Amino acid sequence: MCGIAGILSSSIDLRAEKPVIEKMSLSLKMRGPDGKGEYVDRNIALIHRRLAVIDVEKGSQPMRFGNYIIAYNGELYNTDEVRDMLKSFGYTFDTHCDTEVVLKAFDKWGESSVKKLNGIFAYAVYNEMDKSLFIARDRIGVKPLYYSSKPKQFAFASRISTLLCVPDIKPVVDENGLNEIFMLGPAKTIGNGIFKDIKELPPASYMTVKNGNIEINSYWKLTAAVNTESREQAIEHTYSLVKDSIERQLVSDVPLATFLSGGLDSSIISKVASDYYKSRGEQLNTFSVDYVDNDIYFKKSLFQPNKDSDYIGLISDYIDSVHHNVVLDNNDVAKALGEAAIARGLPAFADVDSSLLLFCKEVKKDFTVCLSGECADEIFGGYPWYHRKEILFEEVFPWSRSTAARRSILRDGFLPYGEEYLKSAYDSTISQVSFLESDSVLEKRMREMFILNLKWFMQTLLYRKDVMSMESSLEVRVPFCDYRLVEYAYNMPWEIKALDGREKGILRKAFENDLPEEIVWRKKSPYPKTHNPAYLKAVSELAAVALNDKTCPLGEMLNKDAVFNLMQNPDSLTEPWYGQLMAAPQVLAYIFQIYVWIKNYNVEFDI
């Protein structure tokens, strides 16, 4: 994995802009600490920072072939297949890294080459002949790509903060940006960069930039299709697809481990990985995260029915992994909130971000690559809102069903069109859903829920995982995000997906012979968060700093009395701010992260 950036300009000689290029490169250092490279000519600057994983010695970038120069961030999981196709056309290869495969695929097939790639990626190819730039992003959106278009200048980067290194790109946020932060956050609309000058290239899209013109095209979308498989066929198909996706992502020339929570998804990944390692005479390393004294303060809830710690030892012993339990101090988690927001370039996901950042830093001490279980809940119906009929058919984002909690901390009259903005975002997403005429009311709604989760909830988790891991110089792969698996799950009938009336029923049944019964049939539990009152105290103090800083406009946006009441009476927040992971302590942490973001990036508001 790496960090990429670039500028295409028709107004200035980029060979004279070395300080800006160096500043952009430095901002990407944590994404690529193992090497850096630039390709700079009058009209183009391509910047690359490398985290070496495959072909450590020969995979330096930017890489050239003929008239094309590539800056690539990602990992390809069908490298061998695409390389073999290219060899049949006479191409030869000097490395065994996927960068060379992507570059020569573009030379052979042009824009359509991206359709042949299975992986997680964002990359740019510059054509020296016609001075054009081609940029593409993976189907699911695992790897980020932001851009800014100004008259006579186009810039792109893996990080928002990298774009803000460009002098003409201003950190200005308008009312729509504030609606994203306060009405949708920590989620955001696909394509929106929050800042007025910054946009996001959507997943499954490519763009061409030539002579000041930008054209964006989608190369993949989920389309409804008939699935006539029997129950037994679906079980076998699910098993083979999941296993193949995991095994493809175990390829690495540097140390690899897995995240292991004791839940179904990470246990499946770790079991397949452990078997793979055993076949080579090696032992898999696994990692879990917890918090000081969490066992003492844990409280059961609908969203978190049991503790991970009750199950981690069981599955680790079963697969015979070398297990590492990282226990985080609550004050450290609070202190890392600012760093997480700065890394994200946007207000972050509270301690869900900061704890992952600290966890990844610990893992990175011994490993460079990890596998994680994101996406399984979204595509196999793992969340409670798939199964609670009183929620399922509400025409709202199911993880954020009301703006009451959000309105409660905002100043009266602030963001008067917030609810309309929220409803528009929901309606726009629903309008993109592909159905069959034969779909029942339930099947149609399950397709809608699938797309809502894929384009919103999962995007939040994927961006979190990418930013926090790469800020730690750790590559995290997500096997359940294989587009083949996503396509298959989209067209799986709900009665098969939810076999035996269980969330992720088909996935449980597919792997029931590979895992202990207690793991297979355990109720879903989300990413662990701290329940320690010490964390509430810490974030309350941080939020108070944000509210009392008269030099920051945040205080003018908030109802200070309501926020102070939340510090004293956390149970007064009767509904989650965002899904199962944001109660009162996390809302206070989010307020502090907005404050850090404003101060660090000198954010200006145009409202």
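Below, all heavy atoms of this structure are taken into account, side chains as well, without hydrogens, waters or symmetry copies. Not measured: the values here are computed from a predicted model.
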Would you kindly say whether [X] and [Y] are connected by a side-chain donor-acceptor distance under 3.5 Å?
X	Y	result
Gln586	Tyr578	no
Thr223	Ser434	no
Thr258	Ser270	yes
Trp577	Ser400	no

Rounded to the nearest 0.5 Å, the CG atom of Asp366 sits from the CG atom of Leu474 at a distance of 11.0 Å

How long is the span from the CD1 atom in Ile315 to the OG atom in Ser266, to the nearest 0.5 Å? 8.0 Å

Below 4.0 angstrom, N of the basic side chain to O of the carboxylate: do [X] and [Y] qualify?
X	Y	result
Asp500	Arg502	no
Glu503	Arg508	yes
Arg407	Glu419	yes
Glu339	Lys361	yes

Report the residue from Phe349, Tyr383, Phe450 that forms a ring-ring contact (aromatic ring centres under 6.0 Å, His included) with Phe457.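 When ring-ring contact (aromatic ring centres under 6.0 Å, His included) is applied between Phe457 and each of Phe349, Tyr383, Phe450, only Tyr383 qualifies.
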
Which side-chain N or O atoms in residues 182-192 pair as donor and acceptor under 3.5 Å with protein atoms at least two apart or in another chain?
from   : atom 1 : to     : atom 2 : distance (Å)
Lys188 : NZ     : Asn192 : O      : 2.8
Lys188 : NZ     : Glu200 : OE1    : 2.9
Thr189 : OG1    : Glu180 : OE1    : 3.4
Thr189 : OG1    : Glu180 : OE2    : 2.6
Asn192 : OD1    : Ile194 : N      : 2.6
Asn192 : ND2    : Glu180 : OE2    : 3.4

Where the side chain of [X] meets the backbone of [Y], is there a donor-acceptor pair that is under 3.5 Å apart?
X	Y	result
Arg139	Lys115	yes
Arg248	Tyr77	yes
Glu448	Phe393	no
Glu236	Glu232	no
Ser267	Gly263	yes
Lys497	Ile379	yes
Asp138	Gly141	yes
Asp98	Leu76	yes
Ser279	Tyr276	yes
Glu362	Val326	no

Compute the centroid of each ring, for Phe359 and then for Phe259, and state whether the two points are separated by less than 6.0 Å. yes

What pairs with [X] under side chain to side chain contact (heavy atoms under 4.5 Å, CB included), at least two apart in sequence or on another chain?
X	value
Met449	Trp385, Tyr386, Leu392, Pro398, Arg445, Leu452, Asn453
Ser424	none
Asp275	Lys271

Taking the six-membered ring of Tyr206 (Phe, Tyr or Trp), confirm whether the NZ or CZ of Arg137 is under 6.0 Å from its centre and within 45° of its axis. no

Geometric cation-pi criterion Arg522 and Tyr311, 6.0 Å radius, 45° cone: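 Yes, Arg522 and Tyr311 form such a contact.
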
Among Thr286, Leu284, Asn325, which residue satisfies the side chain to side chain contact (heavy atoms under 4.5 Å, CB included) criterion with Leu260?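 Among Thr286, Leu284, Asn325, the one meeting side chain to side chain contact (heavy atoms under 4.5 Å, CB included) with Leu260 is Thr286.
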
Taking C-beta and beyond as the side chain, do [X] and [Y] meet within less than 4.5 Å on heavy atoms?
X	Y	answer
Glu575	Arg401	no
Ile140	Ile120	no
Ile181	Tyr590	yes
Arg159	Met470	no
Asp290	Leu328	no
Phe480	Asp265	yes
Val333	Tyr291	yes
Leu436	Arg447	yes

Let me check something: any side-chain donor-acceptor pairs from residues 510-517 under 3.5 Å, sequence neighbours excluded? List them with distances.
from   : atom 1 : to     : atom 2 : distance (Å)
Glu512 : OE2    : Lys509 : NZ     : 3.2
Asp514 : OD2    : Tyr239 : OH     : 2.8

Holding to ring pair (Phe, Tyr, Trp, His ring centres under 6.0 Å), I want the full list of residues that pass it with [X], two or more places apart in sequence or in another chain.
X	value
Phe380	none
His324	Phe287
Tyr535	none
Tyr421	none

Is it the case that more than 12 heavy atoms not belonging to [X] sit under 6.0 Å from its [atom1] atom?
X	atom1	result
Lys243	NZ	no
Lys278	NZ	yes
Glu495	CD	no

Set of side-chain hydrogen bond (donor to acceptor under 3.5 Å, both in side chains) partners for Ser274, sequence neighbours left out: none

Which residues pass the side-chain hydrogen bond (donor to acceptor under 3.5 Å, both in side chains) test with Ser230, not counting sequence neighbours? Gln233

Test side-chain hydrogen bond (donor to acceptor under 3.5 Å, both in side chains) on Ser321 and Ser316 and set out the steps. CA-CA 5 Å; Ser321 70; Ser316 175; 2.9 Å; yes

What are the two closest non-hydrogen atoms of [X] and [Y], and how far apart are they?
X	Y	result
Ala538	Ala334	CB-CB, 3.7 Å
Leu256	Arg477	CD1-NH1, 4.1 Å
Glu443	Ser440	N-OG, 3.1 Å

Mind checking salt bridge (charged side-chain N to carboxylate O under 4.0 Å, His left out) for Glu390 and listing every partner two or more places apart, or none if nothing turns up?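 Scan of Glu390 (salt bridge (charged side-chain N to carboxylate O under 4.0 Å, His left out), adjacent residues dropped) gives Arg388.
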
Show, in sequence, the C-alpha distance, side-chain angles and deciding distance for Lys143 and Ser158, and conclude whether the side-chain hydrogen bond (donor to acceptor under 3.5 Å, both in side chains) test is met. CA-CA 8 Å; Lys143 291 288 114 181; Ser158 300; over 6 Å; no

